[in-house]
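Structure, as C-alpha cells:
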Amino acid sequence: MPYDTIIFEINKEIAIIKLNRPEKLNALNKKMLDELDDCIKNIETNNAIYGLIITGSGNKAFAAGADISELHECNKQTGKLFSEYGSYVFKRIEQLTIPVVAAINGYALGGGCELALACHIRFASDNAKLGQPEVSLGVMPGYGASQRLPRIVGKAKAIELIISGAMIDANEAYRIGLVNNIFSQEELLAKTFEFLNTCFKNSKLAIKSSIDCINKSFEMSLLEGLHYESQQFGEICNTKDFKEGTLAYLEKRLPDFQNE
Ligand code: COA
C-alpha cells in the first residue's frame with residue numbers, strides 16, 4: 001500500500017521507515033499512526049525482514065512530537081483514546097523481535113522522542129535534540145515516556161527531563177544513556193545499516209530469541225522471565241544455526257548460518 005505520511009523501503013534484509021511530513025518536522029498525526037500501524041503489520045508477517053530502522057525525512061527532524069493541531073482538539077474521552085492509540089502502535093514496534101533502531105536525525109520531541117524510546121536502540125546525529133516538552137503545552141507525555149524513559153535513564157533523570165520540558169543535545173543524551181551512539185548527520189544512516197549488518201553475521205534466529213526474551217523481561221517477574229529464557233534456549237538448541245555455530249567454533253572456522 002502506498003503511504004502519504006511515511007516512506008517504507010526494504011533494503012535487502014533491512015526495512016526502513018521514514019517519517020515523511022518534513023514541512024511539519026514529521027509531527028505524528030493520526031494518519032501517520034494509521035500508516036505506521038499498517039506498515040508494522042507488513043513487517044510482522046514478512047519473514048525476510050531481519051531489522052528495522054526508523055528515521056525522519058529531511059535533515060531537521062526525526063519527529064517534533066504529536067501533531068499539536070490534532071492534540072489541541074482532545075477532551076477527556078478523546079484524549080484517552082489519543083494516548084491509547086499511539087501507545088498501541090508504539091508497543092507493537094517495541095514488541096517486534098527483529099532489532100529496531102531509531103536513527104534520530106534532528107529533533108525528537110514529545111511523541112517523537114517517545115517513538116524513539118519504543119525502539120530497541122537509538123543512534124543520534126550530532127545535531128539531534130531530544131526532549132519531552134509536553135508540560136510546556138499544559139499536557140503530559142501520552143505515548144509512553146512516563147513509563148519507558150525512567151526504565152532507560154532512571155527515575156530521577158526522567159522526572160527532571162519531563163517536568164523541565166528541557167531539550168537536550170546528542171552529547172547529553174549519550175551521557176545519560178538515552179542514545180547508544182552519535183554519528184554525523186551525513187553518516188547516521190550508513191552507520192545504522194553497518195551496525196545491523198555486523199549483527200547479522202551472528203545467527204538471526206538467536207538475535208530474535210534474545211530480543212524476545214529481553215522484551216519479556218519488562219513484562220514478567222524474574223522467575224517467569226528466567227523460565228521463559230530457558231524455554232527459548234531449548235528452542236534455539238533445536239536449530240541448525242545452533243549446531244552450525246558451535247561446530248564452526250570447534251572446527252576453528254567461521255559459521256555459515258542459514259536461519260534455520
Ligand atoms: N505539531 C504540529 N506542527 C508542528 C509541530 C508539532 N509537534 N512541530 C513543528 N510543527 C510545525 C510548525 O508549526 C511549523 O509549521 P508552519 O510552517 O505551518 O507554521 C513547521 O512545523 C516548522 O516548525 P517551526 O516551529 O517553524 O521550526 P523551528 O525550527 O522554528 O522550531 C521546534 C523547531 C521543534 C523548536 C518547534 O517547531 C517546536 O517547538 N515544535 C513543537 C515541539 C513540541 O512541543 N512537541 C511536543 C508535542 S506534544
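Whatever order the structure lists ligands and atoms in, that order sets their numbers, starting from 1. FYI, the numbering just counts along the sequence from 1.
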Salt-bridged, E44 to K41, with N to O below 4.0 Å?
no
D67 vs K24, test: salt bridge (Lys or Arg N to Asp or Glu O under 4.0 Å). Steps then yes/no.
CA-CA 8 Å; D67 190 306; K24 295 286 177 192; over 6 Å; no
Residue, atom and distance of the protein heavy atom nearest atom 27 (O) of ligand 1 read K60 NZ, 3.6 Å
Does the protein place any heavy atom closer than 4.0 Å to atom 30 (O) of ligand 1?
no
How about atom 23 (O) of ligand 1: does it have a protein heavy atom within less than 4.0 Å?
yes
S69 to ligand 1, any heavy atom closer than 4.0 Å
no
What residue and atom, counting heavy atoms only, is the protein's closest point to atom 18 (O) of ligand 1, and at what distance?
K24 NZ, 2.6 Å
Can you tell me which residue and heavy atom of the protein come closest to atom 1 (N) of ligand 1, and the distance to 0.1 Å?
I68 N, 2.9 Å
Provide, to 0.1 Å, the distance between atom 25 (O) of ligand 1 and the closest protein heavy atom, together with that atom's residue and name.
L25 CD1, 5.0 Å
In terms of hydrophobic clustering (I, L, V, M, F, W, Y; side-chain heavy atoms under 4.5 Å; direct or indirect links), are L36 and Y3 co-clustered?
yes
Considering only heavy atoms, does V139 approach ligand 1 within less than 4.0 Å through its side chain, its backbone, both, or neither?
neither
Under 6.0 Å between ring centres, would you say that holds for F123 and Y174?
no
Atom 42 (C) of ligand 1 touched by protein heavy atom at under 4.0 Å:
yes
Pair R21 + E35: basic N to acidic O under 4.0 Å
no
Going by the atom numbers of ligand 1, which of them fall below 4.0 Å from some non-hydrogen atom of P133?
43 (C), 44 (O), 45 (N), 46 (C)
Nearest-contact summary for atom 45 (N) of ligand 1 - protein heavy atom, Å
A64 O, 2.9 Å
Would you say ligand 1 has an N or O under 3.5 Å from any N or O of A66?
yes
Looking at ligand 1, would G111 count as a contact under a 4.0 Å heavy-atom criterion?
no
May I ask you to test the F193-V101 pair for a side-chain heavy-atom distance under 4.5 Å?
no
Does atom 36 (C) of ligand 1 have any protein heavy atom closer than 4.0 Å?
no
Residue L137 vicinity, atoms of ligand 1 by number, heavy atom under 4.0 Å:
44 (O), 47 (C), 48 (S)
What protein heavy atom lies closest to atom 17 (O) of ligand 1? Include the residue and the distance to one decimal.
E23 O, 4.6 Å
Can you tell which of M167, K60, E172 makes a side-chain contact (heavy atoms from CB on, under 4.5 Å) with K129?
M167
Does this structure show an ion pair linking K91 with E84, if we count only N-O contacts that are shorter than 4.0 Å?
no
If the threshold is 4.0 Å, N to carboxylate O, is there a salt bridge linking E219 and K216?
no
Protein contact to atom 5 (C) of ligand 1 [nearest heavy atom, distance to 0.1 Å]:
A27 CB, 4.0 Å
Do the non-hydrogen side-chain atoms of N26 and T5 ever get within less than 4.5 Å of each other?
no
Considering only protein heavy atoms, determine whether one is less than 4.0 Å from atom 13 (O) of ligand 1.
no
Heavy-atom nearest neighbour in the protein, as seen from atom 39 (O) of ligand 1, with distance rounded to 0.1 Å
L109 CD1, 4.9 Å
From I16, I10, I43, I14, residue fulfilling side-chain contact (heavy atoms from CB on, under 4.5 Å) relative to L52:
I43
Quick one: which of I7, L25, L115 gives a side-chain contact (heavy atoms from CB on, under 4.5 Å) with L19?
L115
